Structures are given as C-alpha cells and as structure tokens.
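Working notes for the structure below.
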Amino acid sequence: MKMTNKKIRTRFAPSPTGFLHIGGARTALFNWLYTRRHGGTFILRIEDTDQVRSTEESTRAILDAMAWLGLNWDEGPYFQAERVNIHREEVRKLIETGNAYYCTCTPEELDSKRKRALAEGRKPKYDGTCRDRGLAGCSESVVRFRGPEVGTTVVSDLIKGNISFNNEELDDLIIERADGYPTYNFAVVVDDAQMGITHVIRGDDHVNNTPKQIQIYEALGYDVPLFGHVPMILGADKARLSKRHGATSVMAYREMGYLPEALVNYLVRLGWSHGDQEIFTMEELIREFSLEAVGKSPAVFNPEKLLWLNQHYIKSYPEERLIEAFLPFWEQRGFDVSDRRFIAKAISDLRTRAKTLLEMAEAGMFYFQEEVPYDPEAAAKFLTEEYRGHLEAVAERLPGLAEFTKDGLEAFLRALAEERGTKLKWIAQALRVALTGKTVSPGIDEVMVTLGKERVIGRIRRATAQIRAAG
RNA sequence: GGUCCCAUCGUCUAGUGGUUAGGACGCUGGCCUCUCACGCCGGAAACCGGGGUUCAAGCCCCCGUGGGACUACCA
C-alpha cells in the first residue's frame, strides 16, 4: 500500500435527514481520531443533495452533537448542494470524453424491468438501452456513467484488505438526475476529489458503491483516495441498529444523562481495541488509534456496557465539570441551585451511586424537598411508634452536637444506638426515611452534613409529628 | 435471486502455528457495610461445522452453514 507523504485529509459527510445517530457518530469519531493521530485535516461536509429530505434543523442537530462529543472539524461545514455547478461541470466532462451518456428511460420502465429481471432470476441491473444511442440531453433525461464491461476493479481497503469486483456486475449508474442534481455516488467522488480527501473512512454499507466510485475517479482523472470501511453497528437482534432498538440519536443520550466521554469511550471500543484496555482518555485515543486495529466484523450495541462506562465517568469526572454537566438536570426540575457549596456536597454524595445523570437527579430530589414525600412502604416500616423515640432523641441531641461532620455524626449515632439498646442500622434507616423519604439514599451521615443541622432537625420533627398524628 | 463482507464466552474483544484461550460488560458466590451503591476476592461462560496444509491450527487454504450490507433519478 503506497503511503504518500502528503498530509492526511479526511471528512465526515452526513446527510441532514435526521439526527446524528450512534453509527454516524462512531464513523465521525474514527475519522477524527485517525486525523488527529496523524496531524491531518478533518473536514465536515453536509450531503444535502436530497432536496426533499434534507433540513436545516437536522444540520443544526448534527453540528450540536459533534460539538457535544468534542469532535471539532478544521474545514467546513461545506454544503454539497451549493456545489451543484461544480458537479454539473464534471458531468459535462464525462459526457464529452464519452464516459457518460444521456438516458431517457423512465423510472417506471426501469422499475418494471427491474422487477421482471428479479422475477426471472436475472440481475436487476440497467440493461443499457440508452448506452449507445448517442442521445442528446433533454428535460426528461438523466446522465449515466458508462462503466467498463469487462475486467475487474479492486478496492484496497485499509480495514478489510483487497476486495475485487467483476466490472460486468457493476451498473451504469445515474450520476445526474432529471432535475439536474447529481446523485450521491457522483457527488461524493467529485467533492472528495476536489477537497483533496486522502482517506475515506466510512461505514461498510458503502463497500459495494466503492468500485463504481473508483471508476468515476479514474474517468475524471483524479487520484483515488485510500478507503477504510468500518463494520456496521447492530442491534441486539443482529439487525442493523435502528430506532427499533431504542435510542439511536447521540443527543438523546445526553438527555438521558450520559457523559460525552462515556459515549466516545464506548463507541471507540465498538470495533476498535488496544489490547485489554477499556478506559481511554481522548489523549490516549489520539495517541493509540489506528485503522489496523479496527475489526472486520459487525458489533452489537450493548447498552449495559455503555451504562457501566457512564458510571465510571460520573465517578471519576473532575468535580467542576460534573457539576456543569449535571446541573441542568436539577434546573429543569425547577430546583434552586444557587447555593454552590450545597450543590457540590450533594453531588459528591450522589455520584458514586448513579449510572446516569438523570438517575442522579432523581435520586437527589430530596435535597430540595423540605416536605419530602414519604415512600408509603418506607414510612409504614420506619415512621412508626417503634422508631419515634430514636428519631426524637436524635432531634433533641443534635442542637448540642459540636462535631456536625461525617465522623462526628457517625460517632454520635453509634453512641446513641448503644445507649438506646439498638443497632445503628435501625436508627439510620428511620433517619433515612425521615430525611429522604426513602430507604435508599447516600450515607446517612453524608446526607445530614449536606442538609445541615437546621434542615435535619426540621425534617425529623416533621416525621415524628406525622407518626404521632397517625398513631 | 445476484454481488460483496463477516464469523473466539450472551455482548464488546485480546490472540497473529505450540496459550491452563486472556480482559471487559452482564450474570453469579463471598467480603465490606447505616440502605443503595462503590470497592475487593472468587465462579460459571467461547474458538459455527466439515475437510485439508502442518510434527502441531482459534490462528493458513477450501467447502458448507449462519449473519450482515448493497442491489433507487436516497445518502
């Protein structure tokens, strides 16, 4: 494989017909990592030649998702639709050199021929009706590429190795539609060539297009870039990942409380590996990423492992960044998050026991609810006469407690338990329900410290009052 | 149907002719413990099948089988 010394140029070229999905994000990530690894230039190009399905909103969404993942681009975004004049000119060139021809077969004719061919067990490829008719263009005509009828075309793939195709299997594909717009297989070639793309890294759903594209490169006199086709991402049923398999939009993961590092880390390991290492920083990825280490087989998307990684990043994130990423989840619930110290403490209580920021936000709602709702089962078990004495004792002694710290409180509660002839766990559980409304929460001493003496006493009083009222 | 790709625990993967086939998620037993987690220590769990090549095959070749992609005036 000839590796020229020229600077690497890659591109990510999504079509703006929806959100950035998991598969696209991984393709973008692989391109980005490869480019950063080799000090190249990463280009973003929006393939919006489908005038009907493309929307500006989708473009916006894709850009936002890229930014969230930290995948910055060096050039672009370029918009393919703005380049139609260039595409048309290249089409003219092919017609002049005899490498393309006008075709007036109607979509209906083509469709019925295709169906018939399929029904009779023949190849459903274009039958070449107009190939040698020497037609001139008209308002109904399309332009087809005149492909070689014999020989083979080989794709040298950086991931899959050499793949060869018999040219007779390849279709004379349409490169310009009747409306004058180029089709995908033509526009990519022209754009990639003119943008000086050296490495085309994309999903392997494109392998079958590649020989045709190579022929177009050659007919146009361009250098053929290197290709790297990455395997698809599959759902649990081994079918190509789609909405049926749950969330596939990158931004949906943000809303569900995932950290971008977790998604990046998960995605990069889907198809790529570096020995036994599972956790990678961006710096490590840039240093270690290589296409040689990308596997050839498709990978099943496993939400459980993503969750594990997310949990890992929630635990290990720098505090300030965690707060920044997390706060919106409380803000959108209308909680007052202006007390930075309180917030920071609450988050440090919660972060070791959440798999997502969303989960964390829900688990920590009690910090803001003065009249915390009691879980019925929890209350039935612990907000009872049996525990009232313990709770009252805590409320009575607390004002005089000098060491209102994690250690001080633990010592206090242990001593109290002994004094009252019970175990810490019973006092802790009753307190937990009084303070948080639930039987599950961060450590009770941590909760007390975070809440502060006043609020703790208030909540205990409210709980004991309720027990009395009920009793 | 045709063309092309792929094939190690349930899943993501390491492995590049000689390994007790390793790691991770998940599952699971235990420890820790104020609940839930975290953490720590253990366990079960894989080379798709059949032929070759070779002293020796998860690794190389062939054939099956299975899965996937493409087969548009979508990208």
Side-chain angles (χ1 to χ4, degrees), chain A residues 13-17 47-50 52-54 80 103 105-107 110-111 114 117-125 140-144 155 157 160-161 163-166 169-171 173-185 187-188 203-211 229 231-232 234 236 238-240 266 269-279 293 295-309 311 315 350-355 363 378 410 413-414 417 423-433 436 438-445 447:
Chain A
S15 63
T17 54
E47 311 235 311
D48 54 352
T49 51
D50 184 338
V52 182
R53 298 195 304 150
S54 298
Q80 196 162 55
C103 169
C105 298
T106 67
L110 294 170
D111 196 46
R114 192 177 302 122
L118 225 36
E120 293 169 6
R122 301 191 326 263
K123 304 180 207 298
K125 73 176 253 189
E140 261 108 76
S141 66
V142 300
V143 178
R144 280 183 188 274
V155 178
D157 195 279
K160 294 175 183 280
I163 308 169
S164 86
F165 295 82
N166 279 322
E169 301 291 342
L170 273 24
D171 226 337
L173 41 75
I174 292 173
I175 57 176
E176 188 177 276
R177 299 184 267 230
D179 64 6
Y181 281 86
T183 54
Y184 166 76
N185 280 295
V188 247
D204 77 2
D205 47 340
H206 288 283
V207 285
N208 288 298
N209 291 326
T210 308
H229 288 99
M232 300 278 85
L234 276 23
K238 305 265 183 155
R240 185 182 180 150
Y266 178 70
R269 284 284 292 102
L270 219 46
W272 176 82
S273 60
H274 182 66
D276 283 343
Q277 191 171 349
E278 294 288 350
I279 309 285
K296 299 178 183 184
S297 47
V300 174
F301 185 81
N302 180 354
E304 298 294 320
K305 189 158 182 180
L306 206 207
L307 220 37
W308 170 74
L309 277 163
Q311 182 179 39
K315 279 185 301 190
L350 294 163
R351 66 187 300 173
T352 57
R353 50 205 103 216
K355 285 187 158 67
E410 188 180 340
L413 292 175
R414 282 194 190 285
K423 288 180 178 168
L424 174 60
K425 63 184 298 186
W426 303 121
I427 293 186
Q429 280 303 76
L431 267 176
R432 197 183 310 284
V433 178
T436 73
K438 295 168 296 196
T439 51
V440 173
S441 84
I444 199 62
D445 43 13
V447 168

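Worth saying up front: this structure is predicted, and the values here are computed from it rather than measured. Numbered from 1 within each chain, the chains take letters A, B, ... in sequence-line order.
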B/rG51 to B/rC27 separation - P atoms, rounded to the nearest Å: 39 Å
P-based separation of B/rC38 from B/rG26 [nearest Å]: 8 Å
Integer angstrom distance from the P of B/rC62 to that of B/rC6: 12 Å
Residue A/T49, side-chain heavy atoms: nucleotide from B/rG26, B/rC4, B/rA75 that is nearest: B/rA75
Touch class at under 4.0 angstrom, heavy-atom based, for A/T17 against every strand present: nothing
Interatomic distance at C1', B/rU16 relative to B/rC47, whole Å: 14 Å
Face-to-face contact A/H229 to B/rA69 six-ring, under 5.5 Å, under 30°: no
Whole-angstrom distance between B/rC60 and B/rG1, as gauged at atom C1': 32 Å
Touch class at under 4.0 angstrom, heavy-atom based, for A/R114 against every strand present: sugar-phosphate
Protein-to-nucleotide contact annotation, 5' to 3' order, nucleotides 29-38 of chain B [B base; S sugar-phosphate only; - none; under 4.0 Å, heavy atom]: -----BBBBS
Nearest-Å distance once atom C1' is located in both B/rU33 and B/rC40: 13 Å
Rounded distance in Å between the P positions of B/rC48 and B/rC41: 31 Å
Interatomic distance, A/K125 NZ vs B/rC73 C1' [rounded to whole Å]: 18 Å
Touch class at under 4.0 angstrom, heavy-atom based, for A/C103 against every strand present: nothing
Parallel, tilted or perpendicular: rings of A/Y266 and A/F301 (30°, 60°): perpendicular
Residue mapping more 5' on RNA chain B - nearest nucleotide basis, A/E169 or A/L234: A/E169
Heavy-atom pair of closest approach, residues A/A378 and A/T439: CB-CG2, 3.6 Å
Sugar-phosphate only, base, or nothing, as touched by A/Y181 at under 4.0 Å among non-hydrogen atoms: nothing
Pairwise P distance, B/rC59 and B/rA14 [rounded to whole Å]: 16 Å
Base orientation of B/rC38, syn vs anti, 90° cut from 0: syn
Any-strand Watson-Crick or G-U partner of B/rA69, both distances under 3.5 Å: B/rU3
Annotated protein contacts, base or backbone, on nucleotides 11-23 of chain B with a non-hydrogen cut-off under 4.0 Å, one of B, S, - each: BBSS-------BB
Nearest-0.5 Å distance, CZ of residue A/R269 to CG of residue A/L306: 13.0 Å
5'-most by nearest nucleotide on RNA chain B - A/I163 or A/A239: A/I163
Nucleotide nearest A/R240 (side chain, heavy atoms from C-beta), chosen from B/rC6, B/rC70, B/rG26: B/rC70
A/D204/A/K296 ion pair, N-O < 4.0 Å: no
Sugar-phosphate, base or nothing in reach of A/D48, heavy atoms under 4.0 Å: nothing
Under-4.0 Å salt bridge between A/K125 and A/E169: no
Distance, nearest 0.5 Å, that separates CD of A/Q80 from CG of A/D48: 7.0 Å
